[in-house]
Amino acid sequence: MRKTASPGKAGKRPAKSRSKQKRRIGLIWLLFVILFAAVCAVVGYLLVILNGERILSQNIDKLNNMDKASIIVDANGNELAKMYVSEGNREYVPISKIPKLVQQAFIATEDKRFYEHSGVDLFGIARALVKDVIARSAVEGASTITQQLARNIFLSSDKTLFRKGTEASIALALENHKSKDEILEMYLNRIYFGRGQYGIKTAAKYYFGVDDLEDLKLWQIATLAGMPKAPNTYNPLKNPEKSKERRAVVLSLMEEQGYITEAQKQEAMAAEYDPSVVPEKSSRYAAFVDYVVDEAQQVLGISEEELLAGGYTIKATIDTKAQEAIEDAFADPDNFEKSVDDIPMQGSMVILNQHDGSIVAIAGGRDYSTKNLNRVTSQRQPGSSFKPIVSYGPAIETGDWFPWSTLRDDKVCYDNGKYCPTDSNARKYIGPVSMKEAIRESRNQPAVWLLNEIGVQTGVEFAGRLGIELGPDDRNLAIALGGLTHGVTPIQMARAYAAFANGGLLPTPHSISEITDASGDIVYEFKPPKNNRVMKEETAYYVTDILKGVVEGGTGKRAKISGRTVAGKTGTTQLGLKGIKDSAGNRDVWFVGYTPELTAAVWMGYDKTDKDHYVKNSSGQAAALFSKVMSKVLKNYEKQSFPEPSGIQKEAQGPGAVTGLTANYNSQQVSVELSWNAVEGDGITYKIYRKEASEAGFSLLAETAEPAYEDMAILPEMTYTYYVKAYSSALNLEGKPSAGVTVKVTTELDTSPEPSPDEGTGLPSDNPDEGNGTGDGTITDGTGNNNGEIGNGGGNAIGNPSGNENGIDRGNGRGNGRGNRGDGNGRGNGGGNAGGNGQEWGDISNSPSPEPGSVSPSPAQPSVPATNSEGQAVPLPGQTP
């Protein structure tokens with residue numbers, strides 16, 4: 001019986017046959033795709049070649065022509081500097097005159113397959129693409145030397161895939177028209193080496209003083225070969241350490257590729273660079289020009305090479321008369337301490353217009369033209385000049401503190417005893433002190449105490465608003481005294497103080513107002529920020545008020561400018577050298593100050609501080625340099641006034657100063673009897689302060705409503721010093737302190753009062769920054785010596801008795817007091833059997849012979865105040881600063 005096919009299966013091919021058919025179709029499509037890709041590749045390659053040939057033919061003259069110079073001009077269009085001149089910045093040398101080792105160094109560093117590829121290294125391109133994909137941006141630069149030459153001659157340095165493709169097409173065209181040696185020759189003569197130097201021969205002559213390339217040493221060759229990647233970063237003048245690190249990389253590559261031996265590598269790595277061979281630049285404005293160049297690169301986002309040779313016109317904010325004044329001052333050795341050797345004391349200064357942020361003038365150093373380190377951008381510790389930024393300014397900003405607010409100056413430790421700041425003042429730890437007086441005298445403890453009161457974070461945030469960002473390691477009370485992890489630059493300090501000068505508006509420092517390209521089109525224009533208020537107007541006013549006091553009669557007295565209002569603050573940083581006392585000098589000295597017209601910051605010190613190189617004198621020299629420069633500069637500026645907001649609170653007037661204070665030792669009652677003149681006013685009481693000779697500071701002894709007090713808490717053979725303040729409970733204010741009196745408690749009656757072994761007639765010298773000893777001798781015949789409380793100061797008094805017409809002996813006493821760093825001389829005449837008082841303050845007075853066991857009071861208002869080494873008046877309690 002015949003079988004019939006089941007329904008649905010008739011004519012169906014076997015599965016194996018269908019699979020073969022699908023494979024056949026797939027192969028056909030694959031061949032088609034391959035063929036299409038090959039055609040596209042050929043077409044693409046031809047397009048690349050044609051594109052490169054087209055660009056090369058259209059710009060063939062660029063192979064032989066140098067780039068167009070960029071210039072810097074002032075606001076009036078006067079040329080200040082031409083940043084690239086082909087005749088002076090490039091010397092062409094044929095490949096036959098370039099040593100093989102020089103060629104090998106650049107090939108090993110930039111393109112080790114240079115002689116193997118045809119202008120484009122596919123392995124290099126693949127590597128660059130992988131890195132770009134990983135970084136998700138175009139980060140990898142040109143690969144081959146030919147590509148770099150193509151970019152330098154024909155293209156910008158924008159790192160885009162389109163630019164890389166064009167660069168590759170030009171490189172292929174170059175390889176078709178030029179030999180490898182010709183390409184390498186053009187490359188080595190065009191490559192940029194920083195500081196306006198183009199080409200290998202020019203760079204060798206500039207950086208090493210080598211005229212013939214055959215004379216270059218291996219370490220010099222490696223240094224040059226490492227520079228093209230980043231001329232600013234690996235410049236041996238600007239960054240010697242980074243240059244040395246890059247040199248080591250080049251030497252390692254040369255050793256790996258067999259050009260040098262391990263021994264040669266090690267020897268070349270150890271060589272040290274000597275910058276003294278670099279020729280001096282002729283431009284008077286070198287520091288300002290270099291600052292402009294750096295800023296232009298930043299705002300345009302281009303390399304220095306492109307900037308210098310791009311034909312740009314850069315309009316700078318420079319005031320040429322101010323720049324000349326600042327350069328003249330820095331060229332005068334009399335403005336700086338003399339060094340013990342040929343390493344000079346250095347300095348920097350920047351002048352800023354606080355109203356618009358324009359930089360007026362820059363001093364990058366005393367020898368900037370040869371060293372090329374712009375110190376206005378170098379970080380240094382600011383010392384006490386940082387107090388307004390992180391302590392006083394933010395405290396006033398809270399609205400709870402004012403210039404007349406009472407702070408504390410006590411011997412206190414913080415952070416569980418780990419941080420114990422000390423005062424450098426002669427009269428230490430005076431207890432209550434107004435903010436204005438504390439900053440005028442540059443007292444340390446009140447600044448730290450105040451920061452502790454408002455909180456470190458408050459101070460850090462305020463500094464941040466002024467443009468100074470502090471790191472996590474700076475969250476501590478030491479910042480109140482300028483103890484920072486990384487320091488600050490003069491530019492930063494000038495900007496911060498400019499906000500105080502400008503009514504609380506923070507300017508943006510800039511040295512460029514406008515940039516036009518080679519076609520005259522504006523490619524950059526400075527625009528000031530719209531919202532730049534960083535503090536209340538009242539805060540800026542009050543800070544300016546207390547800083548004016550620093551200049552009027554404090555540590556910044558030498559910054560005064562005739563006919564101008566000046567506010568500012570000095571700063572010094574601790575020496576911290578092993579084997580040398582901190583009192584011997586400082587690492588850095590500062591003055592940052594401002595007038596209603598301009599703000600300036602001055603730094604002085606050594607680039608590297610050591611036992612032979614540190615600042616011997618005080619911050620007064622920085623203040624003096626500020627005054628000298630700014631006095632000339634401001635002659636060209638119309639006088640203005642600091643902004644004064646409405647509704648400013650004024651300090652309430654406290655009670656008057658206590659006068660007529662006397663102290664008598666009562667041997668019968670074994671007490672010291674104090675009395676003084678009453679002060680007018682309601683609710684007046686009197687606070688008596690006392691200090692025994694061995695104690696560090698005064699402390700409140702008692703408070704009384706009567707103008708007299710009997711101190712019975714005394715010990716034999718002890719010397720006590722007293723002063724008194726009137727206090728108004730209605731105003732909650734204390735008056736000025738009285739003059740001080742000193743008495744020695746004796747166990748036997750004496751025919752004459754004893755001199756104080758510590759201070760004599762009163763309180764130690766009130767020197768804000770220095771250590772002054774004071775001495776007051778009350779003596780009959782012979783010599784008495786008194787040691788001041790601070791600074792190992794001594795006072796000498798000599799009395800020479802003589803008879804007068806009534807037959808009563810009279811004595812003349814003369815007292816001299818000398819501290820570590822300040823001098824005070826005084827003379828006094830006293831009448832009576834026993835002689836007179838010699839007073840360190842220079843006051844001349846006549847007084848009756850004192851009773852046994854008593855001491856005559858100091859005069860309430862000495863006629864000639866003492867001064868410290870900066871010429872600053874140093875008042876006693878009871879004197880008006």
Side-chain angles (χ1 to χ4, degrees), residues 88-112 114-115 145 148 180-181 184-281 304-305 342-343 367 369-373 608:
N89 296 75
R90 192 196 317 256
E91 289 187 53
Y92 203 92
V93 56
I95 193 69
S96 60
K97 299 294 184 180
I98 301 176
K100 276 294 181 181
L101 193 60
V102 173
Q103 300 177 38
Q104 291 165 349
F106 281 87
I107 291 172
T109 306
E110 298 295 330
D111 185 5
K112 67 179 181 179
F114 175 67
Y115 288 106
I145 283 177
Q148 291 184 53
K180 287 290 186 179
D181 281 351
L184 185 59
E185 177 181 307
M186 286 189 289
Y187 172 80
L188 291 175
N189 279 285
R190 287 182 173 274
I191 199 70
Y192 183 60
F193 290 91
R195 310 301 301 168
Q197 307 304 310
Y198 289 80
I200 185 65
K201 184 171 183 178
T202 306
K205 183 182 293 187
Y206 180 80
Y207 288 108
F208 303 111
V210 175
D211 288 316
D212 190 340
L213 295 181
E214 293 287 351
D215 295 332
L216 282 172
K217 297 179 174 61
L218 175 59
W219 72 270
Q220 295 171 330
I221 293 171
T223 300
L224 293 171
M227 292 176 65
K229 182 177 181 180
N232 268 342
T233 303
Y234 301 123
N235 189 305
L237 284 173
K238 192 170 186 178
N239 295 303
E241 293 302 320
K242 287 187 178 296
S243 174
K244 194 172 183 180
E245 291 173 5
R246 176 65 175 165
R247 183 209 307 170
V249 172
V250 173
L251 290 168
S252 295
L253 290 172
M254 294 180 71
E255 190 267 333
E256 288 174 6
Q257 296 173 41
Y259 295 124
I260 61 174
T261 66
E262 174 68 20
Q264 288 176 310
K265 181 183 80 170
Q266 294 299 329
E267 181 183 0
M269 288 174 63
E272 294 294 336
Y273 178 67
D274 178 13
S276 65
V277 299
V278 177
E280 189 169 318
K281 296 174 73 173
E304 182 183 17
E305 179 186 359
D342 58 352
I343 300 176
D367 51 359
S369 60
T370 57
K371 298 303 181 186
N372 301 298
L373 172 64
K608 293 184 179 180

Between Tyr115 and Ile107, which heavy-atom pair has the shortest distance, and what is it? CE1-CD1, 3.5 Å
Side chain proximity check, Pro236 to Met227, heavy atoms < 4.5 angstrom: yes
Please indicate whether Lys180 has more than 12 foreign heavy atoms, meaning atoms of other residues, nucleotides or ligands, lying under 6.0 Å from its NZ. yes
Residues, nucleotides or ligands: over 12 heavy atoms within 6.0 Å of Glu267 CD: no
Under 3.5 Å donor-acceptor, Thr223 side chain and Trp219 backbone: yes
Quick one: CD on Glu255 to CD1 on Ile260, what's the gap to the nearest 0.5 Å? 6.5 Å
Here the pair of heavy atoms bringing Ala203 nearest to Leu224 is CB-CD2, 3.9 Å
Salt bridge flag under 4.0 Å for residues Lys265 and Glu262: yes
Has the side chain of Arg246 got a donor or acceptor atom that lies under 3.5 Å from a matching backbone atom of Tyr234? no
Gln103 side-chain N/O to Ile98 backbone N/O, donor-acceptor pair under 3.5 Å: yes
Of all the heavy-atom pairs spanning Gln264 and Leu218, show the shortest one and how long it is. O-CD2, 3.7 Å
Does Asp111 reach the main-chain N or O of Ile145 with its side chain, forming a donor-acceptor pair under 3.5 Å? yes
Looking only at atom types and distance, does a side-chain atom of Glu185 sit under 3.5 Å from a main-chain N or O of Ile95, one as donor and one as acceptor? yes
Between Glu110 and Lys229, does any NZ, NE, NH1 or NH2 come within less than 4.0 Å of an OD or OE carboxylate oxygen? no
Exercise: identify the closest heavy-atom pair between Val250 and Ala105: CG1-O, 4.4 Å
Looking only at heavy atoms, which two atoms of Ala108 and Gln257 are closest? And how far apart? O-NE2, 3.1 Å
Within the side chain of Asn189, is there an N or O that forms a donor-acceptor pair under 3.5 Å with the backbone of Pro94? no
Side-chain contact, heavy-atom cut-off 4.5 Å: Asn232 with Lys238? yes
Return yes if some donor-acceptor pair links the side-chain N/O of Tyr273 with the main-chain N/O of Tyr207 below 3.5 Å, else return no. yes
Parallel, tilted or perpendicular, as decided by the 30° and 60° cut-offs, for the rings of Tyr192 and Tyr198: tilted
